[in-house]
Protein chains: 2
Amino acid sequence: MDVDTRLVRYFAAVAEEGGLTRAARRLFVSQPALTKQIRRLETGLGVELFTRSRSGMALTEAGRALAEQAPELLAACDRALRETKSAASRAARVLRVGFLASAANEATQDIIAGFGRRRPGWRVEMRQAAWSDPTAGLADGEVEAALLRLPFPGAGALRAEVLLTEERQVALPAAHPLAGRDRIDFRELRDEPFVAAPAETGRWRDYWLAADERGGRPPRIGAVTDQPDAWLQAIANGYGIALAPESAARFYARPGVVYRPVTGVAPSSVAVVWPPAADTDPVVQDFVRCCRDAVGGPAEEDPPGGPGPAPG
Amino acid sequence: MDVDTRLVRYFAAVAEEGGLTRAARRLFVSQPALTKQIRRLETGLGVELFTRSRSGMALTEAGRALAEQAPELLAACDRALRETKSAASRAARVLRVGFLASAANEATQDIIAGFGRRRPGWRVEMRQAAWSDPTAGLADGEVEAALLRLPFPGAGALRAEVLLTEERQVALPAAHPLAGRDRIDFRELRDEPFVAAPAETGRWRDYWLAADERGGRPPRIGAVTDQPDAWLQAIANGYGIALAPESAARFYARPGVVYRPVTGVAPSSVAVVWPPAADTDPVVQDFVRCCRDAVGGPAEEDPPGGPGPAPG
DNA sequence: CACGTCCATACCAACAGGTTATAGAGGCTT
DNA sequence: AAGCCTCTATAACCTGTTGGTATGGACGTG
């Protein structure tokens with residue numbers, strides 16, 4: 001009997017949601033597809049897992065047993081994939097680091113340079129992830145560490161160490177009436193349309209919509225984007241405004257987009273994040289140390305002209 | 001990233017066998033199919049698992065990591081399926097018992113009757129398995145317990161308690177020159193063609209070919225069968241002879257087949273077998289106890305005329 | 001030098017897994 | 001009571017994947 005872990009995930013979703021329709025929405029598949037897959041799982045096992053009714057699906061005894069075993073199975077699968085990918089990058093002397101947008105801002109170069117000095121022969125591979133993956137591949141073992149902005153989902157299962165904190169600003173279309181103001185209070189922006197991250201990013205999306213500072217009123221969504229460039233495009237097009245870290249003014253300057261300070265919203269922090277399994281990985285720990293060093297003590301600055309071989 | 005456990009099994013087979021061709025034979029798939037699946041696994045993971053060479057496939061670092069994690073993954077999968085099926089049968093008040101041919105002979109009825117008395121409301125479901133599955137479904141969690149003849153493969157991972165031991169006889173076509181003899185020494189049979197179990201049953205097949213009593217000379221195989229009826233048919237047709245437990249003369253009497261005592265081969269034992277996970281399962285343990293009782297103290301014998309309704 | 005072994009590729013048939021559209025059964029509201 | 005909403009099941013269809021056989025090319029061996 002062979003089992004596709006996808007079927008187990010489907011099963012778990014239906015069990016948790018208590019119905020095919022809701023689970024299908026969560027899994028981003030159609031409800032008939034789920035119907036078929038669940039039946040296939042049942043006939044494959046030769047066991048009824050759910051009792052169907054007009055109001056949803058309830059677990060049978062057998063279903064409860066499977067629901068109990070499923071997390072362990074999926075965890076074992078996850079561990080296997082993570083270990084494999086990690087071993088591959090270790091063998092190639094590559095440390096893969098995920099990030100979403102500007103990573104650790106100006107400190108990023110220092111971190112990488114410091115790591116290069118501490119681990120000669122090793123290379124840092126910076127992997128930019130889409131916003132729909134807020135842990136930048138850390139959750140899938142796609143990277144060994146990540147530079148993320150807080151908050152991020154799944155923070156409980158990961159180690160994080162805050163590196164720097166900066167104020168948030170607002171990114172406005174150049175033609176926006178408030179674009180000329182020196183300072184804007186967030187309450188003036190609450191009813192503006194916002195350019196937001198995809199809905200499935202949950203808390204992270206809420207944070208950048210400043211849901212906490214809205215007093216319960218829902219935000220207006222003018223556009224949904226998944227990448228920095230589409231985000232800038234949407235703002236420049238006037239589809240909406242957006243909050244952004246102060247450093248975005250430097251890293252994401254674009255014609256048609258202006259950044260202005262905002263009061264009344266919490267600042268944004270960047271953290272270096274790694275999975276607990278890497279607590280004992282000397283390479284990852286070296287990287288964490290380099291992050292600390294790069295933001296803590298600027299240490300010895302390279303002479304003007306920057307790092308690298310002398311020109312000519 | 002979703003993974004089909006089939007791919008992991010494929011991978012494990014290739015890793016163990018050290019080559020696609022050999023692994024393909026073991027998995028009963030074609031070599032090109034394996035080639036494709038392994039490549040699919042590699043591209044899906046984005047990792048090279050093997051280094052190809054003219055003389056086979058060698059694991060990379062990443063491959064070694066996966067090979068290390070695979071057993072745990074497969075075990076978790078196995079456990080999940082076993083628990084689910086077991087829960088289903090428990091909920092239905094059914095104890096599934098696998099067996100291959102005559103189970104525990106005449107004691108079988110007593111065992112089932114005793115279990116019915118000990119666990120009112122429960123039902124024993126006897127599942128006959130093909131010889132190609134020498135643990136009668138125990139390995140797949142298809143049954144909670146089994147009545148098997150020793151030796152059986154995978155005995156190390158299972159609990160077994162011998163119930164009875166009986167001499168082996170030889171089953172001959174009625175027209176066979178030796179069919180009239182009262183007693184036959186196995187050495188007289190060594191060069192006869194034998195009706196054998198499928199090759200994949202390994203030690204079990206060897207045992208019924210009396211490989212140990214052949215002094216290293218390979219047996220002649222006259223036919224391969226997977227089920228009792230095909231076995232009897234093959235013998236009656238004169239394709240070969242076969243060893244069989246004494247009780248086969250009673251349970252598998254057929255025109256055209258005669259059974260004769262044989263000297264020089266080890267006797268055959270029947271055991272009740274269960275997985276270690278069922279050590280604490282009260283229902284399985286009750287069944288084991290019933291097995292013990294049924295063969296230990298013959299208890300009250302049925303009156304002459306045998307069990308069952310009186311002839312009309 | 002012929003041969004066997006091993007992995008890779010090409011091509012084809014069957015199926016699995018997804019989609020949209022639709023049916024049918026209950027419960028809730030008006 | 002009628003209408004509407006929600007839930008699952010089914011039908012029809014399309015595509016990608018898994019399997020098969022046949023074959024090619026590389027390398028070591030008798």
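Values in this document were obtained by computation on a predicted structure and should not be read as measured data. Labels below follow one simple rule: chain letters A, B, ... track the order of the sequence lines, proteins then strands, and each chain is numbered from 1.
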Counting side-chain heavy atoms from CB outward, which of [options] is closest to [X]?
X: Met57(A); options: dT19(C), dT8(D), dG20(D); answer: dT8(D)
X: Ala33(A); options: dG18(C), dG20(D), dC7(D); answer: dG18(C)
X: Gln31(A); options: dT8(D), dT18(D), dA8(C); answer: dT8(D)
X: Thr21(A); options: dC7(D), dG19(D), dT20(C); answer: dC7(D)
X: Tyr10(B); options: dC7(D), dG19(D), dA9(D); answer: dG19(D)
X: Thr35(A); options: dG19(D), dT10(D), dT20(C); answer: dT10(D)

Closest-nucleotide 5' rank along DNA chain C - winner of Lys36(B) and Gly18(B) |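 Comparing both residues, the 5'-ward one is Gly18(B).
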State whether [X] places a side-chain N or O below 4.0 Å from either non-bridging phosphate oxygen (OP1 or OP2) of [N].
X: Gln37(A); N: dA16(C); value: no
X: Arg39(B); N: dC7(C); value: no
X: Arg40(B); N: dT17(D); value: no

Would you say the side-chain atoms of Arg96(A) pair up with the backbone N or O of Glu142(A), donor to acceptor, closer than 3.5 Å?
->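 It does hold such a pair.
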Applying side chain to side chain donor-acceptor pair (under 3.5 Å) between Ser86(A) and each of Glu83(A), Arg82(A), Arg90(A), report the one that passes.
->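 For Ser86(A), the side chain to side chain donor-acceptor pair (under 3.5 Å) test succeeds with only one of Glu83(A), Arg82(A), Arg90(A), which is Arg90(A).
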